[in-house]
Protein chains: 2
Amino acid sequence: MLDLAIIGGGPAGLVAGLYATRGGLKNVVMYEPGMPGGQITQSSEIENYPGQLEVISGLDLMEKWPKQAQQFGLKHEMKEVISVTKKADIFTLKLSDKSEVEALSVIVATGSVPRRAHFPGEDEFFGRGISTCATCDGFFYKEKEVAMIGGGDTALEEALYMANVASKVYLIHRRDTFRGSPTTVEKVMNNKKIEVVLNAKPKEVFGDKMGVTGLILDTPEGERVLDVPGVFLFVGRDVKNDMLKDAEENFICDVNESGEVIVDLKMHTSLEGLFAAGDIRIESAKQVVCAAADGSVAALEALLYVEVKKG
Amino acid sequence: MLDLAIIGGGPAGLVAGLYATRGGLKNVVMYEPGMPGGQITQSSEIENYPGQLEVISGLDLMEKWPKQAQQFGLKHEMKEVISVTKKADIFTLKLSDKSEVEALSVIVATGSVPRRAHFPGEDEFFGRGISTCATCDGFFYKEKEVAMIGGGDTALEEALYMANVASKVYLIHRRDTFRGSPTTVEKVMNNKKIEVVLNAKPKEVFGDKMGVTGLILDTPEGERVLDVPGVFLFVGRDVKNDMLKDAEENFICDVNESGEVIVDLKMHTSLEGLFAAGDIRIESAKQVVCAAADGSVAALEALLYVEVKKG
């Protein structure tokens, strides 16, 4: 029986493991089928992790995190968690190798993955001019022009963010109206730095060895070329919550309409003993430092919870 | 007119400054009468800041943080903020030098200070065997005996935390009953590793060059000596919220019974345009990484807010 099972090996899962083991939990396993570190390891430049003064790659930023947690006893198993169920205070996790493991508490930290828009050049230039996070990468386009693709609240809010940083923002949406909340739409429409391009789709992104140099759009008036060094995609996220669904496809804890796990300030979910941390939870800022903080909070709460259940 | 005024220069304030300036806010000033870095700079050993593998002093941990924010334009003024008022969307801050400054948005990140218990040896050994944070320093007493002083929920929860780490916990309280919630009291009373010592007060802590070696208690049965290398104090915290009181001593935003600022997951307070971050807010875990995350979230929200107000 594990004291704590952690699902996901990004910043949230790793810090949950650090705090849980350092806090004295004895059997703590982090289930992560890939290498620990999370999506951030795909980023080439990071300059906003607190205390990290020099620009650093995501891979380098995360290098020490697994070691830090493992020195206190965190174990890592390269298995995927297929399902989580709870009966009489005991969680049962089904794993990708068909085995099962029991745990007194669970922290889910599997995150969410930004969707791709699927147009030529997208994969080639991803991470070299194509980004899914303005807060992370926007500053690299200070006083430059950027194109942003999407029509929901995230796209609108990220466009407003970029309007503060870039010299001009093209906001491209395939429909004739935005799906975002009316007040946010109004802010975007009134912002002089944002040019809204409706009924338009990305056709191809092009560039050179250094990265993106432009984007071709399909519009009702024909092709339009934007000479931009940066393209941001906000076409939705896939929340990695499949393991939280039971046999009837019902979630074992409360989630919002996007499938994000509902938590309070202490990372408690609606199911006692189950905690959530990082991008899988509602209102996540999608920042490494925020996922890390969530992990520490979830672990401290799991510690208290397990202490009681053990008696 | 400032885009954003940040009150307090600890991890929360510094990261708020980093994210706000990197996000394009133009006039961002952090008001901190002392050196930036916060209370953590008084800690001699930290090993749980994510990504920091080696044990490091608080002063060393925080060394790069002000530089990181200042390179994006954060200004630091060594002044205290005496009061904050808001009229017609404009905040006015009164400063310790009697000057005033106006701001479109405010992040308050002044934290809270653990109270001292005031007994001989306390000041001498503070940070060398006397601590106010089990989550931070508990691991340094792994499999050792510690004394913990206090009778509220924090003392009880920290005692439960330490019971997982230490070989034995003496929980010392000056009254004959605990003030904490009944369920937490029950957990403590049932924990075999915790010896509750009621009606007792610390009389003196003693030690040598290396740190604390013991604690003398005043009990109804006379003096009692505990040979412990660690003493934890949980006798309350002073929330640094004076600047949030108006002339009639009413708070300008909602606070809880301890004076901590009530926030949601996005660090919004009840007053539009005012955000809180770090130990001053409710449910804070009192960890550097959590304060840092709060600062980033508060800044991203302030950015959106200012963007609208500027039109």
Side-chain angles (χ1 to χ4, degrees), chain A residues 11 14-15 18-19 22-26 47-53 61-65 67-68 71-72 135 138-139 142 157 160-166 183-184 187 190-191 263-266 281-285 287-297 300 303-304 306-308 311, chain B residues 11 14-15 18-19 22-26 47-53 61-65 67-68 71-72 135 138-139 142 157 160-166 183-184 187 190-191 263-266 281-285 287-297 300 303-304 306-308 311:
Chain A
L14 287 164
V15 175
L18 166 64
Y19 270 74
R22 191 165 180 271
L25 288 192
K26 294 290 181 283
E47 60 179 7
N48 63 355
Y49 184 69
Q52 178 59 49
L53 188 57
L61 175 68
M62 298 307 298
E63 191 205 341
K64 294 179 178 174
W65 294 47
K67 291 179 204 165
Q68 190 181 15
Q71 72 185 351
F72 294 105
T135 312
F139 190 78
K142 192 172 161 72
E157 287 179 8
L160 287 168
Y161 178 92
M162 276 310 291
N164 255 332
V165 175
T183 52
T184 315
K187 290 175 215 167
N190 289 339
N191 193 296
V263 295
D264 59 17
L265 283 166
K266 289 189 158 185
R281 70 148 166 107
I282 54 165
E283 310 284 20
S284 152
Q287 298 293 298
V288 171
V289 67
C290 297
D294 282 6
S296 74
V297 172
L300 293 173
L303 271 161
L304 277 178
V306 169
E307 186 78 352
V308 181
Chain B
L14 286 165
V15 175
L18 166 63
Y19 270 74
R22 191 164 179 273
L25 288 192
K26 294 290 181 283
E47 60 180 7
N48 64 354
Y49 183 69
Q52 177 60 48
L53 188 57
L61 176 68
M62 298 308 297
E63 191 206 342
K64 293 178 177 176
W65 294 46
K67 291 178 203 163
Q68 191 181 13
Q71 73 186 353
F72 294 104
T135 313
F139 190 79
K142 192 172 163 69
E157 288 180 8
L160 287 168
Y161 179 92
M162 277 309 291
N164 255 332
V165 177
T183 52
T184 315
K187 292 175 216 170
N190 288 340
N191 194 297
V263 294
D264 59 18
L265 284 166
K266 290 189 155 187
R281 68 144 165 111
I282 54 166
E283 310 285 19
S284 153
Q287 298 294 297
V288 171
V289 66
C290 298
D294 281 6
S296 74
V297 172
L300 293 173
L303 271 161
L304 276 179
V306 168
E307 186 78 349
V308 181

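We use all heavy atoms of the structure for the numbers below, so side chains are in, but hydrogens, waters and symmetry mates are not. Bear in mind the structure is a predicted one, so any value in this text is a computation, not a measurement. In the text below, chain A, chain B and the rest are named by the order of the sequence lines, each starting its count at 1.
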Atom group of Q71(B) that falls short of 4.5 Å from chain A, counting heavy atoms:
side chain

Proximal component of K67(B), with respect to chain A [non-hydrogen, under 4.5 Å]:
both

Kindly write out the residues that satisfy salt bridge (Lys or Arg N to Asp or Glu O under 4.0 Å) with K26(B), not counting sequence neighbours, or none if the list is empty.
none

Non-hydrogen atoms of G24(A) and V165(B) that approach each other most closely:
N-CG2, 4.1 Å

What heavy-atom pair brings A292(B) and V289(A) nearest, and what distance separates the two atoms?
CB-CG2, 3.8 Å

Toward chain B, the part of L18(A) with a non-hydrogen atom under 4.5 Å:
side chain

Quick one: pull up OH in Y49(A) and CD in Q68(B) and give me the separation to the nearest 0.5 Å.
10.5 Å

Which heavy atom of G23(A) sits nearest a heavy atom of Y161(B), and at what distance?
CA-OH, 3.2 Å

What heavy-atom pair brings Q287(A) and Y19(B) nearest, and what distance separates the two atoms?
OE1-OH, 2.5 Å

Engaged part of V288(A) at the chain B interface, taking heavy atoms whose separation is under 4.5 Å:
neither

Portion of L304(B) that has a non-hydrogen atom of chain A nearer than 4.5 angstrom
side chain

Non-hydrogen atoms of chain B under 4.5 Å away: do they reach the side chain of L160(A), the backbone, both or neither?
both

What part of D294(B) gets closer than 4.5 Å to chain A, counting heavy atoms only: side chain, backbone, both or neither?
neither

I'd like to know which of V297(A), L14(A), N48(A) tops the heavy-atom pair count under 4.5 Å against chain B.
N48(A)

With a 4.5 angstrom heavy-atom cut-off, is it the side chain or the backbone of T135(B) that approaches chain A, or both, or neither?
both

Separation between CE (M162(B)) and CD (E307(A)), nearest 0.5 Å, reads 11.5 Å

Considering only heavy atoms, which portion of L300(A) lies under 4.5 Å from any heavy atom of chain B: side chain, backbone, both, or neither?
side chain

Correct closest heavy-atom pair for C290(B) and A293(A) would be CA-CB, 3.7 Å

Measure distances from I282(B) to the heavy atoms of chain A and classify the residue's part below 4.5 Å as side chain, backbone, both or neither.
both

Heavy-atom closest pair, residues L265(B) and D264(A)
CD2-O, 3.9 Å

